[in-house]
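First comes the structure, then the notes that go with it.
Every chain is numbered from 1 and lettered A, B, ... according to where its sequence line falls, protein lines coming before strand lines.
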Number of protein chains: 2
Amino acid sequence: MGTQNSSPVTLRTLADRLGLSVSTVSRVLHAKPDESVRAASGATVERIRKLADELGYRPNPHATSLRTRRSNLVGVLVPRLSDIVLATIYEGIEEAAAENGLSTFVTNTRDVPDVQRARTDMVLGRRVDGLIFGDAYIDAKFLAGIAARGVPFVLVSRRAGEHPSVTCDDYLGGRLAAEHLLSLGHRDVAVIAGEPYASTGIDRTAGFVNTYREAGAEIPATRIVESRFDAAGGRTAAECLLAQGKAPSAIFAVNDFAAIGAIGAARDHGLIVGDDIAIVGFNDTPLAAELPVPLTTIRSPMHEMGYRGLTKLVALMRGEQVESERLPPTLMVRASTTGQA
Amino acid sequence: MGTQNSSPVTLRTLADRLGLSVSTVSRVLHAKPDESVRAASGATVERIRKLADELGYRPNPHATSLRTRRSNLVGVLVPRLSDIVLATIYEGIEEAAAENGLSTFVTNTRDVPDVQRARTDMVLGRRVDGLIFGDAYIDAKFLAGIAARGVPFVLVSRRAGEHPSVTCDDYLGGRLAAEHLLSLGHRDVAVIAGEPYASTGIDRTAGFVNTYREAGAEIPATRIVESRFDAAGGRTAAECLLAQGKAPSAIFAVNDFAAIGAIGAARDHGLIVGDDIAIVGFNDTPLAAELPVPLTTIRSPMHEMGYRGLTKLVALMRGEQVESERLPPTLMVRASTTGQA
DNA sequence: CTGAAAGCGCTTACAG
DNA sequence: CTGAAAGCGCTTACAG
């Protein structure tokens, strides 16, 4: 209806048909409901709105952007959307973007600095009004350059430097995991710590390690191994831990998928997860509760992180001051630590 | 380097500094390497390119789009990016898009028709040059409307009607699963069939069921249950199957995540997966091989589907004729069907 | 209350 | 080989 293949309907189309000027039509269609009073006479407003509806008028965003120098576009950079954590965060971003009349370009950077740079340039070339980074390196070197260009941005999932961010309180999450294992009597534990450049892994590990230290059970360096954030990475890291003279009685993996890999490795070693060895993950992805041995994990508010991240970016783009946020995690206790009986 | 906060550099900036006209600068910068000869004299070309580089000139895409009526933008609609299958397909789309100088808007429709409609309108409002649907309903009603508007589009993952699509040969995939289970001696099997509106589940189920029929082992209707495409859906469906008087000796789930849910349910029933009951998934997502009991599954070329889908869309946008493609799947045999010994 | 005019940054015949 | 001009569709002072 109205959206035929023929020549698209523009302000000019409407103006000509109504015998009005483009200015008037623009003013009316552009005005918020309450402002329209000042845009034109009541009758005119009605006529314009009616015809615009009938003809299915849709403003051309390129013309608007060219004129106003605002694109209502936001660039979103993530390590990989095939990581459900980032995909869920993006769902939150998208929801908030839609509510704010913004559209997003999302792109995978695979945590590779050259790709981060190239994709950021690409997105900036598209004249986005702001950026969201889900792939920040803790050293924040790259971000300093972006900040210098004056483009508003916010970080989600991972914090870096003093840049505005919305993250899970990962340190607290690590602490919750430690307190849980401590309460179960585990003194000899290990950590699958994630990538060394991501604040998520760093903070979760720190919260965990410090809590054990406070409990008088220092975790030796050999019990803390870096890993990729996927199942294969978790398996490799767990193999390494289980090959040690005396295996730990519990493992904290800073990511559910790494935890799943660790479960596989434990099983290969003839260990019954939940009985012979306790395993804790992080994020509470939907799979965690459905696993053959349901996974004890720290739930992080992924969707909310994205939603609030975009909301914060909107504030920033309006020139407001913003503060970083750390959203609280929750411990989800399941069979992987309490046993399968 | 050139990308300061100050006034952006435009063709006008370059033209003024060089004492040339905007036309000439545009012609030179716009020309492909070999065409530049006809755009201006060698010396001029050099001067223009050099200054553009120094000043970091980036054409304003809104101006270009407004003028040329091409946006180099593509809309991508998927049920949910938090489904790794779609996320991986999107990675393929993004890769091909980057190679073709296109940018993408991706959006989640959750398989809800009203959302599909609304998001399609939104993306069309952004003046995309083409669309990719990863959320097609088999009945293709909605798509008929889009086709009538004359916007080029291609389907990925799910086929529908005669619209151009790039899919896995799902029927063949179902057949491979059946032949594998048949070769293992399973005669009494069941199917977790997915959503009834998605060609993926429909075709995989049909290939499986028909192969069993040909082998003289008709699968009764009670052994075929619909399901959501996630772990929780798979678990529910499996519960339903395992509650039947005599449980099947093997289950084919049309999706790895549903298979994982089924494994959990089987385990709850005291069955040892791979020994007491065989389970086959679909897609070979990265997790499949890393599960505690590695999952036998049908690998589908997800990344390639996306890549070829976008490539096909480019052809379509050029006005070329295109044919649908079905990419071949591969059987991956693992412990979930062959036992854990 | 309404309109004429300028201009956002680009491309593309058309002239010379 | 190079430039002047028109125009893509919109917004926004400015006048009246």
Between [options], which nucleotide has the shortest distance from any of its atoms to the side chain of [X]?
{"X": "B:Ser21", "options": "D:dT12, D:dG3, D:dG9", "result": "D:dG3"}
{"X": "B:Leu20", "options": "C:dA6, C:dG3, D:dG3", "result": "D:dG3"}
{"X": "A:Thr64", "options": "D:dG9, C:dC10, D:dT11", "result": "D:dT11"}
{"X": "A:Thr44", "options": "C:dT2, C:dC10, C:dA6", "result": "C:dT2"}
{"X": "A:His30", "options": "C:dA4, D:dT12, C:dG9", "result": "D:dT12"}
{"X": "B:Pro8", "options": "C:dG9, C:dT11, D:dT2", "result": "C:dG9"}
{"X": "B:Thr24", "options": "C:dG9, C:dC10, D:dT2", "result": "D:dT2"}

Rounded to whole Å, how long is the line connecting atom [atom1] of [X] with atom [atom2] of [N]?
{"X": "A:Arg69", "N": "C:dG9", "atom1": "CZ", "atom2": "P", "value": "4 Å"}
{"X": "A:Asn60", "N": "D:dG7", "atom1": "CG", "atom2": "C1'", "value": "13 Å"}
{"X": "B:Leu14", "N": "C:dC10", "atom1": "CG", "atom2": "P", "value": "8 Å"}
{"X": "B:Leu11", "N": "C:dC8", "atom1": "CG", "atom2": "P", "value": "13 Å"}
{"X": "B:Leu66", "N": "D:dA6", "atom1": "CG", "atom2": "P", "value": "18 Å"}
{"X": "A:Ile48", "N": "C:dT2", "atom1": "CD1", "atom2": "C1'", "value": "10 Å"}
{"X": "B:Arg27", "N": "C:dT11", "atom1": "CZ", "atom2": "P", "value": "12 Å"}

Q) Which residue pairs pass the salt bridge (charged side-chain N to carboxylate O under 4.0 Å, His left out) test when at least one of the two sits in residues 13-23 of chain A, sequence neighbours left out? A) A:Arg12-A:Asp16
Q) Does the ring centre of A:Phe105 sit less than 6.0 Å away from the ring centre of B:Phe105? A) yes
Q.
With salt bridge (Lys or Arg N to Asp or Glu O under 4.0 Å) as the test, pick out the partner of B:Arg158 among B:Asp139, B:Asp135, B:Asp111.
A. B:Asp111
Q) With a 3.5 Å cut-off and no angle check, do the side chains of A:Thr109 and A:Arg119 form a donor-acceptor pair? A) no
Q.
Quick check on DNA chain D: between B:Gly19 and B:Arg127, whose nearest nucleotide comes earlier from the 5' end?
A. B:Gly19
Q: Please list every stem that involves DNA chain D, where a stem is a run of 3 or more consecutive Watson-Crick or G-U wobble pairs with both pairing distances under 3.5 Å.
A: C:1-3 with D:14-16, C:5-12 with D:5-12, C:14-16 with D:1-3
Q.
For B:Gln116, is there any backbone N or O sitting under 3.5 Å from a side-chain donor or acceptor partner on B:Thr120?
A. yes
Q: With heavy atoms under 4.0 Å as the rule, sort A:Thr68 into base, sugar-phosphate or nothing.
A: sugar-phosphate
Q) What is the ring orientation for A:Phe133 with A:Phe153, classed by angle as parallel under 30°, tilted 30 to 60°, or perpendicular over 60°? A) perpendicular
(Q) Regarding A:Lys50 and A:Glu46, does a basic nitrogen lie under 4.0 Å from an acidic carboxylate oxygen? (A) no
